[in-house]
Structures are given as C-alpha cells and as structure tokens.
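Everything on this sheet refers to the single structure shown next.
Counting begins at 1 with the first residue of the sequence. Every number for a ligand or one of its atoms is a count from 1 in the order of the listing. Atom set for the values below is all heavy atoms of this structure, side chains included, hydrogens, waters and symmetry mates excluded. Bear in mind the structure is a predicted one, so any value in this text is a computation, not a measurement.
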Amino acid sequence: MRAGRTVVLTEAEHRMAPQRIDIHPDVRKAETPPACLYTDPAILDREKELVFARSWQYARADLPAEGPGLAPFTLLEGLIGEPLVLTRDETGTERVLSNVCTHRGALVARAASAAQGLVCGYHGRRFALDGAFRSAPEFQCAEHFPTHRDDLRALPLERLGPLRFTALLPRVSLAELLGDLAERLSAVRIERLVHDASRDRAFEFPANWALYVDNYLEGLHIPYVHPTLAARIEQKCYAIELFRHASLQVARARPGAPSFAGPGGVAAYYAWVFPNLMLNFYPWGLSLNLVEPRGVDRTRVRFETWVADAAAFEREGGQDLDRIEFEDEAVVADVQRGMRSRLFERGRYAPEREAALHHFHRMLAAALA
Ligand code: FES
Ligand SMILES: [Fe+2]
C-alpha cells in the first residue's frame, strides 16, 4: 500500500544539499538523486573540482591537416576554462601544452597556424612546439634562468581513433576509462571517421548538465518525446551494457531501416563516457556530443559530425538529429523547472530501462563523496 503524504519543503530545505548523495546499489530499490543535485550551485562547484577537473575531456582544436603547427583551445569553457594549445612538431608528435606564457601569464597562441614555434605577443618570449623555452628578450642578467619552470607545461594526450583527449588531473588512464567499451566499438571502425567541420554546431539551453546526461541515458522517453525516432528503432531490443566508467545503449533497426552490416541489425550504438561525452554511432558515421556545464541551470552541447560512409551519410545522415535535439532540450528544460518544485524530492528508476541512468548517478555520487 502506498503511504499517502504530502511534504511541502521550505525553500531552504529544498536547496539544502545532503552531506552525501546516496544511491542504492540495487536499481530496483534505489531512489533517483535529490533535486539539489541539479539546482545547488555549491554542488556544481564540487563537480567542477571532483568530476570535471579530474576527467578526460575531448580535445577539439583545428590543427593544420599535416606538418608542424599549433591550434589554441579552451578546456571546458564556462566551467574550467583552461587555456591550452595543441601542437604538432616536425616529427609529427602532437602535444597538449598550457597556452599561458611562463613570463607573466599572457595567452601565447591566439589562432591556429602552421607556425614552427610559439611566440608570446606580450613581451616576445619564444617556445618550441614541444613547449621548451627558447628565448626571452632582456633576460640576460636574470639569475638561475631559464629553468624547466620557464617551459610551457604539458598535459597528457591520448586518442580513440582520430579523437583526441586530454586531462588536467585524471583519476584513471584513458584506456582504463574506456575499458571494454573500446573493444565493444570495434564494429563501428572509428579509424575511418573524417570530421566534417561544416556541420559543427552548439546549442545552449536552461537546464543542469546532468539532466541532459540523464535524458541521454534512458530510451524510455523515446516513444513519448521522439515519435519519428521511435518509428525507426525496435524498442524491445534496446539493449543496455554497463562498463566501469561508461555505458552503451544498442538500438536494433526496424525491418527495412538503415543498420550496420553484420548480424543483429544494429541501428545505432549510443556510447556514453563519464562524465560528459556521448558518441552516437550510426551506419553513416558518428555524431559526437560534448556536454559543457555553463552554470547550475545552463548547459551547452557541442555537436560534431564524423563521416565514415559518405554515400550513407547523404542518404540517412542526420536527417532529423536537430529535431531530436530540440525535443530533448525542451524536455530537460521542463525537468529543470520540476527540480525546483518544493513538492518534488526524489523519484525511482524503471529497473529494466533506466539501468544506465542509475549507473551514472552511482558514479557521480561516488565522485562527489
Ligand atoms: S607574458 Fe609572455 S613574454 Fe611576457
Ligand atoms: Fe531523447
């Protein structure tokens, strides 16, 4: 029997973050996170340090296609905002370096170029493409100079196929982060992907970043929110696979709908990597989504299109990806309003369909603990 009770929280009670967010390990018994996870700026501050500053992030920078060069980029603009620069030296070695000059902190690289080195535009300090200090005007009389502290700092750079990743203070290696997911994705032949920059786009909407991830991690909403998508995929065969730091949803195609070659008739692999990366593989290629928190109730999602099969992309590519995106953004913005309700505390999981969502909440709670 259900207990009948109405709890109306005061605003202070509603906002108050518990010391610790507990998510029961058994999805059948678990409650979803308290609403403050999505509304409390103090929790976003903790996420910034404990989740994002320690995570691997997709590193997008427009390096020249080949040969030496450099391209500045910002790690998680609007949250961490770390100025970085991707470089490639004459041997072809690529690096991620700090883009902050070791003299007095000016940003060194301003635009992508085929330059053979870095020159700070403030007082002319020079660096090699591996970050090594080269020269500095008017430092002849400086003592104990230069030292390694005058080199540009380097961050790790790892790859998944053509996709580059970097991290400030990673808790685990990229290989460990991806785990068996990388092996599981062998069917999609990531190496063949080619970025079509003309299709890059970004959307911003009024909801917490984790609500957007929540929505991505369950297909339960598809028949209600995306009727056109529901017509193409076989709902009953929507499989969920959990990995230590990632999850995979596998959608089977309805008869006659586009699918990957090979057994099983897979329409799409929806891979998610903790905390904010989504890799959506279709027979034509990859739609990459990077979720960037901009505030406790503001999120930007960057979309990139990577094409594996140009003919299939012409036929099927992204026909209604924009429509699906707007449907998702509208529903998560609605949920953000729901999270501010004084009549809502926590919900429950649909055990068979929201396992990946439960998995994400367990990982987030553990990272914040
Ligand atoms: S800040 Fe770069 S040379 Fe002075
Ligand atoms: Fe959706």
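For the residue pair L84 and L75, the shortest heavy atom distance occurs at CD1-CB, 3.8 Å. Between N276 and V291 the shortest heavy-atom distance is ND2-O, 2.9 Å.
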As a quick check of understanding, evaluate side-chain hydrogen bond (donor to acceptor under 3.5 Å, both in side chains) for Q249 and S247, giving each step before the final call. CA-CA 7 Å; Q249 300 173 79; S247 62; 5.6 Å; no
side-chain hydrogen bond (donor to acceptor under 3.5 Å, both in side chains) assessment of N289 paired with Y212: CA-CA 11 Å; N289 315 156; Y212 188 86; 4.7 Å; no
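Ring centroid separation for the pair F360 and W272 comes in under the 6.0 Å cut-off. Aromatic pair Y269/F260: centroids less than 6.0 angstrom apart.
Using a 4.5 Å heavy-atom cutoff, the side chains of Y349 and E218 are not in contact. In this structure, D150 and H103 have side chains that are not in contact, with every pair of non-hydrogen atoms separated by 4.5 Å or more.
Looking only at protein N/O/S atoms, the ones less than 2.8 Å from the Fe ion (ligand 2) make 4 in total.
The aromatic rings of F127 and F133 sit perpendicular, their planes meeting at an angle over 60°, well past the 30° parallel limit.
Ordered by chain and number, H103 ND1, H123 ND1 make up the set of protein N, O or S atoms under 2.8 Å of atom 4 (Fe) of ligand 1.
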